[in-house]
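Please read the structure below before turning to the comments.
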Amino acid sequence: MKLSESLENAFNAQITLEFQASLVYRQLAIELEIMDLPGMAAWLRHQADEEIVHANKFIDHVADRDNHPRIGAVPAPVVIVGSVLDAFEAARAHEEKVSASIRDLYRLAESEGDLDSRPLLNWFLEEQIEEEATVNEIVGRVKLIDDDGPGLLRLDEELGLRPVATTEAR
């Protein structure tokens, strides 16, 4: 069943937001790499890649519904990071923005009676709960560590152990 014009536009906006999220994470990775925290930078790079996987899921859904996926203008991320805490709080804020957008997309699909979008959107609702919880945990741990160098280095090492995934994963 083809998406309505309003749903196609909303899905395309979500595709654009997912690419924007990828760039935000990539810039945060750059900032932590400059702080000599390669494990945290790697974690953020993996997160950037995961956002591309998310964009691809939305692209596939729109195309599978016989609509035209389009990537809109993606602004360069404005990220000001003075500390590890700043970086992960920025990540959390962006995840919250993405979560709100997905909930709005879900509400629109529901209001139009678009049952075919439900499986994908349900998956994303669950994914966003996980994404926010993970970043919240990191923020909490960074706050506990404060400016303790050995603690930051331990967390850096731990986050650097995140398994690598491909942007083509489904």
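This is a predicted model, so every value here is computed, not measured.
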**Study point:** Atom pair CG (Asn122) and CD1 (Ile102), whose distance is rounded to the nearest 0.5 Å
**Key:** 11.5 Å
Check your understanding: If you group Ile, Leu, Val, Met, Phe, Trp and Tyr by side-chain heavy-atom gaps below 4.5 Å, do Leu125 and Val135 land in one group?
Key -> no
Practice item. Indicate yes or no for a side-chain donor-acceptor contact from Glu8 to the backbone of His68 under 3.5 Å, with no hydrogens or angles considered. Key: yes
Review point. Between Arg45 and Glu33, is a salt bridge (Lys or Arg N to Asp or Glu O under 4.0 Å) present by the stated rule, with each step listed?
Key: CA-CA 10 Å; Arg45 280 194 307 275; Glu33 188 70 46; 3.5 Å; yes
Study note, to complete from the structure: Heavy-atom nearest pair, Ser83 first then Val81, reads O-CG1, 3.2 Å
Review point. Hey, is Asp104 close enough to Arg107 for a salt bridge, meaning N to O under 4.0 Å?
Key: yes
Check your understanding: side-chain hydrogen bond (donor to acceptor under 3.5 Å, both in side chains): which pairs involve residues 133-146, sequence neighbours left out?
Key -> Arg92-Asn136, Arg141-Glu158
Review point. Counting N and O atoms only, with roles assigned by atom type, does the side chain of Asn67 sit under 3.5 Å from a partner on the main chain of Leu3, one being a donor and the other an acceptor?
Key: yes
Exercise for review: Would you check if there is a donor-acceptor pair between the side chains of Ser22 and Glu51 at a distance under 3.5 Å?
Suggested key: no
Practice item. Find out whether Phe58 and Asn12 are in side-chain contact, i.e. whether some heavy atom of one side chain is under 4.5 Å from a heavy atom of the other. Key: no
Practice item. List in chain and number order the residues that pass side chain to side chain contact (heavy atoms under 4.5 Å, CB included) with Asp156, two or more places apart in sequence or in another chain; answer none if no residue qualifies. Key: Leu37, Pro38, Met40
Exercise for review: State, with a plain yes or no, whether a side-chain heavy atom of Val98 is found less than 4.5 Å away from one of Gln14.
Suggested key: yes
Practice item. Using the rule that two of Ile, Leu, Val, Met, Phe, Trp, Tyr join whenever any of their side-chain heavy atoms come within less than 4.5 Å, decide whether Phe19 and Val24 are in one cluster. Key: no
Exercise for review: Applying salt bridge (Lys or Arg N to Asp or Glu O under 4.0 Å), run through Arg118 and Glu110 and close with a yes or a no.
Suggested key: CA-CA 8 Å; Arg118 239 187 225 172; Glu110 287 292 302; 2.8 Å; yes
Practice item. Spell out, as yes or no, whether a donor-acceptor pair under 3.5 Å connects the side chain of Ser111 to the backbone of Leu108. Key: yes
Check your understanding: Between atom OG of Ser117 and atom CE of Met1, what is the distance when rounded to the nearest 0.5 Å?
Key -> 8.0 Å
Exercise for review: Give the cluster check for Val74 versus Leu105: same hydrophobic cluster or not, with ILVMFWY residues linked at side-chain heavy-atom distances below 4.5 Å.
Suggested key: yes
Point to revise | Distance in Å, Glu131 CD paired with Glu127 CD, rounded so as to fall on 0.5 Å steps | key: 4.5 Å
Review point. How does the hydrophobic cluster around Leu144 look, that is, which other residues are in it when side-chain heavy atoms under 4.5 Å mark a link?
Key: none
Review point. Regarding Glu96 and Gln128, is there a side-chain donor-to-acceptor distance under 3.5 Å anywhere?
Key: no
Point to revise | Pairwise distance CD1(Ile59) to CD(Glu18) - rounded to 0.5 angstrom | key: 10.0 Å
Exercise for review: Please name the pair of heavy atoms, one in Val62 and one in Pro69, separated by the smallest distance, quoted to 0.1 Å.
Suggested key: CG1-N, 3.6 Å
Study note, to complete from the structure: Sorted by chain and residue number, the ring pair (Phe, Tyr, Trp, His ring centres under 6.0 Å) partners of His94 (sequence neighbours excluded) come out as none
Exercise for review: Output, in order, the C-alpha distance, side-chain angles, deciding distance and verdict of ring-ring contact (aromatic ring centres under 6.0 Å, His included) for His54 and Trp123.
Suggested key: CA-CA 11 Å; His54 293 172; Trp123 184 89; 5.7 Å; yes
Review point. Can we call the ring centroids of Tyr106 and Phe124 under 6.0 Å apart?
Key: no
Revision key, fill the gap. In short, Leu28 meets Ala87 closest at the heavy-atom pair CD1-O, 3.6 Å
Check your understanding: According to a 4.5 Å side-chain heavy-atom criterion applied to Ile, Leu, Val, Met, Phe, Trp and Tyr, with indirect links allowed, do Ile30 and Leu44 form part of one hydrophobic cluster?
Key -> no
**Study point:** With Tyr25 via ring pair (Phe, Tyr, Trp, His ring centres under 6.0 Å) - residues at least two apart
**Key:** none
Exercise for review: Find out whether Lys97 and Gln20 are in side-chain contact, i.e. whether some heavy atom of one side chain is under 4.5 Å from a heavy atom of the other.
Suggested key: yes
**Study point:** Atom pair CG/CG of Leu153 and Asp36 - distance to nearest 0.5 Å
**Key:** 10.0 Å
**Study point:** Glu126 and Glu130, any side-chain heavy atoms less than 4.5 Å apart
**Key:** no
Practice item. May I ask you to check whether over 12 heavy atoms, not counting those of Glu157, lie within 6.0 Å of atom CD? Key: no
Practice item. Report yes or no: do Leu120 and Ile52 belong to one cluster of Ile/Leu/Val/Met/Phe/Trp/Tyr joined by side chain heavy-atom distances under 4.5 Å? Key: yes
**Study point:** Over all atoms of both residues, closest heavy-atom pair of Val139 and Glu89
**Key:** CG2-N, 4.1 Å
Point to revise | Exercise: identify the closest heavy-atom pair between Thr16 and Arg70 | key: OG1-O, 4.1 Å
Exercise for review: Walk me through it: do Leu161 and Trp43 pass the test side chain to side chain contact (heavy atoms under 4.5 Å, CB included)?
Suggested key: CA-CA 8 Å; Leu161 297 175; Trp43 188 92; over 6 Å; no
**Study point:** Those residues that, when tested against Asn9, pass side chain to side chain contact (heavy atoms under 4.5 Å, CB included) (two or more places apart)
**Key:** Glu5
Check your understanding: Is there a salt bridge (Lys or Arg N to Asp or Glu O under 4.0 Å) between Asp114 and Arg65 once you walk through the steps?
Key -> CA-CA 11 Å; Asp114 184 58; Arg65 300 283 300 274; 2.5 Å; yes
Exercise for review: May I have the step-by-step check of side chain to side chain contact (heavy atoms under 4.5 Å, CB included) for His46 and Glu50, ending in yes or no?
Suggested key: CA-CA 6 Å; His46 296 319; Glu50 188 173 289; over 6 Å; no
Revision key, fill the gap. The reported gap from CZ in Arg26 to CG in Asp49 (rounded to nearest 0.5 angstrom) is 8.5 Å
